[in-house]
Every structure is written in C-alpha cells, then in structure tokens.
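To start, the structure itself, in structure tokens.
Just so we're on the same page: letters track the sequence lines, and every chain starts at 1.
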Amino acid sequence: MKNKAIGIVGLILIAFIACLAIFAPLIAPYDPNTVVGPSYTKPSAEFLLGTNDVGYDIFSELVYGAQYSLLVGLTSAAIAAGIGIVVGILSGWFGGVLDSILMKITSFFITIPYLPLVIVLTAFLPKGFISMSLILGLVSWAEIARILRSQTMKMRSREYILSIQAMGVSHWYVIRTHVIRELLPLVTYQLILRIKASILSEAALSFLGLGEPTIKSWGSMLYYAQAKDAFMTDAWLWWVIPPGICIAILSFGLMLVGYMIEGNMDPEMEAAV
Amino acid sequence: MRNLVHPVFGERGIPLKSKVFHYVIMIIAIITLNFFLPRMLPGSPIATLAGEEAGQMTEDERDRLMSSYNLDKSLGEQFLIYLKNLVTFQWGNSYVKKQPIVNLMLQALPWTLLLAGCNLILSTLIGTLLGAASAFLRKKRKDLPIVLILTLLSSLPVFWIGMVLLSTFGVKLNWFPIYGAYSMFQNNSWFAAIGDVLHHLALPLFTLVITSLMTFFTTSRYSVLKTINQDYVSMARVRGIPKKRVQFCYVMRNALIPVFTVFMMDLGYILSGSVVVETVFSYPGLGSLMFQAVSGRDYPLMQYSFLVVSIMVIVMSFLADLLYKRLDPGLGVKNEK
C-alpha cells in the first residue's frame with residue numbers, strides 16, 4: 001500500500017515535468033532564445049524567474065529545457081536497454097562461445113570509468129542531440145545486459161521452460177513468448193534507473209560545456225550561470241536554483257516509480273522503501 | 001533484485017590468472033582507444049592542431065606540421081611511435097598551459113587522490129552505517145524518512161549542490177574559501193598549512209560525500225535486510241544473545257561483503273564525480289585539468305587526462321579485487337551454484 005502511494009507520488013512528479021515539456025510553447029511566455037529584457041532582471045510578474053546575463057527569460061528557458069532533458073534521457077535509456085536486452089538474453093539463453101564473447105565485451109564496458117569516457121567521446125565527436133543520446137546509450141548498456149543474462153540463465157533451467165522446449169518449439173518462440181514477458185518488470189526497472197542516470201549525465205556534460213550551445217537544457221543553463229560567476233551575485237537564487245530543482249523533481253520521481261516496481265518484483269523485501 | 005555480486009566476475013571464484021588477464025586487456029584497450037580518439041575527430045588534423053591559424057598556413061608549413069606530428073606516416077607506424085612516447089612519458093605539451101602534460105598530471109594527481117580518497121572513506125563509512133541503521137529500524141517502520149531524504153539527495157546533480165554550497169558558505173557567509181586547494185603566498189608552519197588544505201577541502205569533499213552516500217546506503221540496507229531474515233540470526237536471538245551483539249557480530253559481518261563489492265564497482269564512479277566537483281570549486285586536480293582541456297579544445301591534454309584517470313580506476317579495481325578474496329574466505333566455495 002505504502003509502496004503504491006510512493007509510486008503515485010513519483011508518477012505525479014514525472015507527469016509535471018512531462019507537461020512542461022509537451023506544452024512548452026503554451027506555458028513559456030517568451031521564446032527562450034530571444035533577448036526579451038535587460039540582463040540580470042530580478043524575478044517579477046513580467047519575468048517570473050528574472051533574466052540571465054544576455055536578457056533571456058529564465059522561466060522560458062527552464063520550460064524548454066524540460067524537452068531536451070526528457071528526450072535525451074528517454075532516447076539514450078532506450079538505446080541502452082535495447083542493446084542490454086539483446087546481449088543479455090542471447091548470452092544467457094545460448095551460453096557457450098557466444099556468451100563468453102559477449103560477456104568479455106560487457107565486462108569491458110563495466111570496468112571502464114563512465115564519466116571520463118563520456119566526456120572524451122562528447123568532446124571528440126560531433127555535438128547535438130543524436131550524438132549525445134547515442135554516446136550515453138552506447139556506453140551504459142553493460143549493466144543491464146549482465147543482470148538480464150543472469151535472470152535468463154535462471155529461467156532457462158526452469159521446469160516449464162524445459163517442457164515447452166521438449167515439445168519442439170523454436171528458441172525464438174520461447175524467448176518471445178516467455179522469457180521477455182517474464183523479464184519485463186526487471187527491464188522496466190532498469191530502464192527507469194537508466195533514464196535517471198542519463199538525465200543526470202546529460203546535465204553534467206552540458207554543465208561542462210560539452211552540450212550543443214544552441215539547445216536549451218538545464219545543464220547548459222547552469223553552465224552559463226557558472227561561466228558568468230552567477231554564484232557571486234544574488235542572481236544565483238533565480239538562475240542556479242530552478243534548473244537544479246527541475247532535475248531533482250524529475251530524477252526523484254523516477255526513483256520513486258523505480259521503488260514501486262522493485263517492490264512488486266520482490267514482495268518479500270517490499271523493495272527499498 | 002539488487003546487484004550484490006561482482007559486476008565482472010560474478011559470485012564464483014575466478015583464478016587470479018584470468019583476472020590479471022582481464023585487467024591487462026582493459027589497459028591495452030584503453031591505450032588503443034586513446035590512440036584512435038583524436039583520429040575520430042571530424043575535419044583535417046591540421047585544423048585541430050593549429051586552430052584558427054590553419055587557414056593562413058602555406059602548403060609548406062602544413063607539411064612541416066604534419067611531419068612534426070608524424071601524421072605523414074602510416075597508421076601502424078604512428079601507433080608504434082605513440083606507444084613509445086607513452087612508455088617514455090613523452091606526452092608532449094599542453095596547448096592551453098604551454099607545459100609538458102606529464103608535469104601537469106603530476107601536479108594534479110595528489111589533489112584528486114586526496115579528494116577522492118577522503119570521499120571514498122567517508123561516504124563508505126557514513127553510507128554503510130546509515131544503511132544498516134535504517135534496516136534495523138525497518139521493523140518499527142521508522143525507516144522511510146531516511147530513505148526518502150537520501151533518495152532526494154542522490155537525485156540532485158552533484159555540480160548543482162556544489163554551486164549552492166559555494167554560494168551559501170563560500171560567498172555569502174564567507175566561512176570557506178571559494179577557490180583552489182591551498183592559499184597562495186603563505187609561509188606558515190606545516191600545522192597551519194595542513195589546516196589550510198583541509199579548509200579548502202571541506203566544501204568539495206562535503207559535496208561529493210552527499211552524492212556518493214546513496215550507493216553505499218542502498219547496498220548496505222538491502223544486504224542487512226536480507227541477512228536479518230536468515231534463520232541463524234533469529235536462532236541467535238532465541239539463544240538469548242544480546243540484540244546489539246547479534247546486530248554487529250551476526251548480521252553486519254556478513255552483510256558487509258556486498259558493500260565491499262559495491263565499493264569496488266564504484267571506484268570509477270567516485271573518481272568521475274570529482275571531475276565535476278573539482279570544476280565547480282576550481283580544485284586543481286585531474287578533473288579541473290580535464291575541464292580546462294575540454295573548454296580550451298586542448299585535445300592532447302584531454303586525451304591523456306582520460307588515459308590517466310582510466311588506468312588509475314582499472315588499477316584500483318584490480319587491487320580491490322585482490323583484497324576481496326581475503327575478505328570473504330568462502331568465496332568460490334559456498335557460492336558455487
């Protein structure tokens with residue numbers, strides 16, 4: 001019961017940010033890339049969160065930033081989960097040489113330090129939404145693959161799977177109808193953790209100045225705030241605080257939903273909460 | 001469903017030889033990747049090497065530049081030259097800082113090790129204790145606040161926490177320095193110097209600890225919860241052994257092994273965190289160096305920062321792996337399934 005309540009709170013938080021992203025053109029009072037007022041204006045009725053160093057409306061930037069964070073998070077997590085599912089199931093189901101080759105590659109990606117790798121890749125490769133999502137996705141699938149592999153291996157030796165196979169159906173049929181269905185909650189849980197991690201990584205990369213400078217993202221707003229020494233003045237209150245809170249709302253919401261799914265998978269423990 | 005086993009080697013005992021093999025392959029792969037990184041850059045290498053001056057160069061100057069970087073040779077030869085320079089520490093000069101990269105690394109390394117090391121120790125200790133405490137509180141259903149607070153903390157971007165702390169305690173209240181790792185131009189006693197270093201360390205360290213706690217917290221909590229329900233723990237209570245003794249000697253001892261696994265898995269993650277935090281606090285470690293390289297488009301410096309950080313992480317994982325076996329004497333025997 002408590003479990004469900006926590007999940008619902010999480011869903012509400014995510015829905016709030018998703019609404020910002022979807023209805024951005026309706027919610028945002030100004031275009032986020034247009035100078036609409038004097039720089040460093042304090043928050044007022046005209047500019048809800050004031051303006052930044054060049055005179056962009058910070059509230060509008062914030063609303064449009066939701067789009068990019070969500071999109072990068074979803075796309076890269078989908079890429080990571082896709083590769084992770086294929087590698088994990090193939091490896092766990094078929095075993096043998098295929099398994100040992102795939103697991104060698106997986107352990108490479110698990111051991112290599114994540115953020116430094118992502119930093120050099122984004123620095124050396126072309127910038128933009130596609131390359132950011134690809135890099136974050138292609139680097140982070142290994143953990144999912146490993147977890148799904150061990151679950152698939154456990155399933156393969158179950159009685160009912162063995163009896164279905166004894167009837168002579170193909171591997172593909174069993175994987176499609178039983179393995180994937182049974183792994184679904186685990187995949188969803190991993191996907192949610194990945195979305196959260198990708199959103200935080202995108203923010204960190206944009207904060208380091210590795211994002212596409214023309215795209216509005218919460219991380220890049222903080223990059224400019226840091227570059228213009230916003231923390232030395234009062235401007236940090238309306239320039240630095242809001243993007244961080246948005247990131248926190250989104251990733252906190254995702255974590256709560258994650259707890260709910262985890263609790264359903266492991267009722268004995270009722271998950272972490 | 002949480003991950004309590006070693007990410008690479010699983011629960012089974014794996015002979016030392018194949019572990020060493022894995023880490024050696026990793027280092028070779030990193031070194032090779034590092035060679036190809038600058039070659040993946042779009043555009044001609046001249047543009048990267050010479051920057052804006054590239055447009056005004058004559059054909060002759062370009063050739064000279066190409067041959068000075070051995071770019072006129074074949075890829076194989078370039079790789080051999082790269083390996084030779086790598087081993088002999090001739091890493092070239094940084095564009096931005098106009099100094100040998102090796103020297104820059106050696107200056108930055110101690111600060112990163114200090115920051116990351118202190119963070120690792122503090123967040124492991126605090127996170128594990130909080131996790132265990134919340135697991136013991138669970139029976140009375142009083143653990144929810146701790147879990148929610150820590151989840152919230154781990155949802156915040158680490159650099160943002162840094163910026164907020166910097167503004168509040170550095171700029172507004174002026175309790176802590178806002179820049180660097182030590183005060184310049186001071187000839188104090190070594191005692192005052194240590195105090196000064198710690199004073200500079202406090203804010204970045206606190207920022208890192210807050211965000212690193214969560215992993216240790218969840219692992220220790222989950223692991224203790226699993227252990228509490230085991231028969232031998234209930235049996236110990238039934239036998240009349242005091243509660244505290246059961247908690248520490250019976251539960252904690254066994255529950256801590258997975259925490260160590262996570263500790264190993266997180267070495268890399270924790271070093272990564274310091275890249276961002278060092279940037280916020282202008283702390284002169286490898287992270288700041290990497291950031292300066294990124295913002296100045298200083299590709300060689302970027303490349304070698306990546307190399308040094310990665311190799312450090314791999315070596316540390318290897319050392320932790322060796323220790324792991326001592327910690328869990330049953331490894332490779334009782335878990336064999």
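The distance from atom OG1 of Thr218(B) to atom CE of Met255(A), rounded to the nearest 0.5 Å, is 7.0 Å. Atoms CH2 and CH2, on Trp218(A) and Trp160(B) in that order, are 12.5 Å from each other to the nearest 0.5 Å. The distance from atom OG1 of Thr279(B) to atom CD of Gln226(A), rounded to the nearest 0.5 Å, is 8.0 Å.
Top candidate by heavy-atom pairs under 4.5 Å with chain A, chosen from Val309(B), Val276(B), Thr151(B), Ile314(B), is Thr151(B). Note: Leu117(A) leads Ile119(A), Leu117(A), Thr122(A) in heavy-atom pairs under 4.5 Å with chain B. No other option in Ile112(A), Ile241(A), Ile199(A) has as many heavy-atom pairs under 4.5 Å with chain B as Ile241(A). Of the residues considered (Ala204(A), Gly209(A), Ala142(A)), Ala204(A) shows the highest number of contacts with chain B, using heavy-atom pairs under 4.5 Å.
Residue Val294(B) touches chain A through its side chain alone, counting heavy-atom pairs closer than 4.5 Å. Looking at Ser154(B), both its backbone and its side chain come within 4.5 Å of chain A, counting heavy atoms on both sides.
For the residue pair Ser251(A) and Ser155(B), the shortest heavy atom distance occurs at OG-O, 2.8 Å. The two residues Gly244(A) and Pro157(B) have their closest heavy-atom pair at O-CD, 4.2 Å. Contact record, Ala248(A) with Leu156(B): CB-CD2, 3.3 Å, taken as the closest heavy-atom pair.
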Let's go through Leu256(A) and Leu148(B) carefully: what are the C-alpha distance in whole Å and the side-chain angles of both, what is the deciding distance for side chain to side chain contact (heavy atoms under 4.5 Å, CB included) to 0.1 Å, and is it a yes or a no? CA-CA 9 Å; Leu256(A) 293 186; Leu148(B) 287 183; 3.9 Å; yes
Before giving the answer on side chain to side chain contact (heavy atoms under 4.5 Å, CB included), spell out for Phe207(A) and Val280(B) the whole-Å C-alpha distance, their side-chain angles and the decisive distance to 0.1 Å. CA-CA 10 Å; Phe207(A) 172 72; Val280(B) 175; 3.7 Å; yes
Go through the steps to decide whether Met290(B) and Val120(A) satisfy the test side chain to side chain contact (heavy atoms under 4.5 Å, CB included), and finish with yes or no. CA-CA 9 Å; Met290(B) 209 163 177; Val120(A) 286; 4.1 Å; yes
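Listed by chain and residue number, nothing satisfies the ring-ring contact (aromatic ring centres under 6.0 Å, His included) test with Phe129(A) (two or more places apart in sequence, or in another chain).
A 4.5 Å side-chain heavy-atom check between Leu222(A) and Phe159(B) finds at least one atom pair inside the cut-off.
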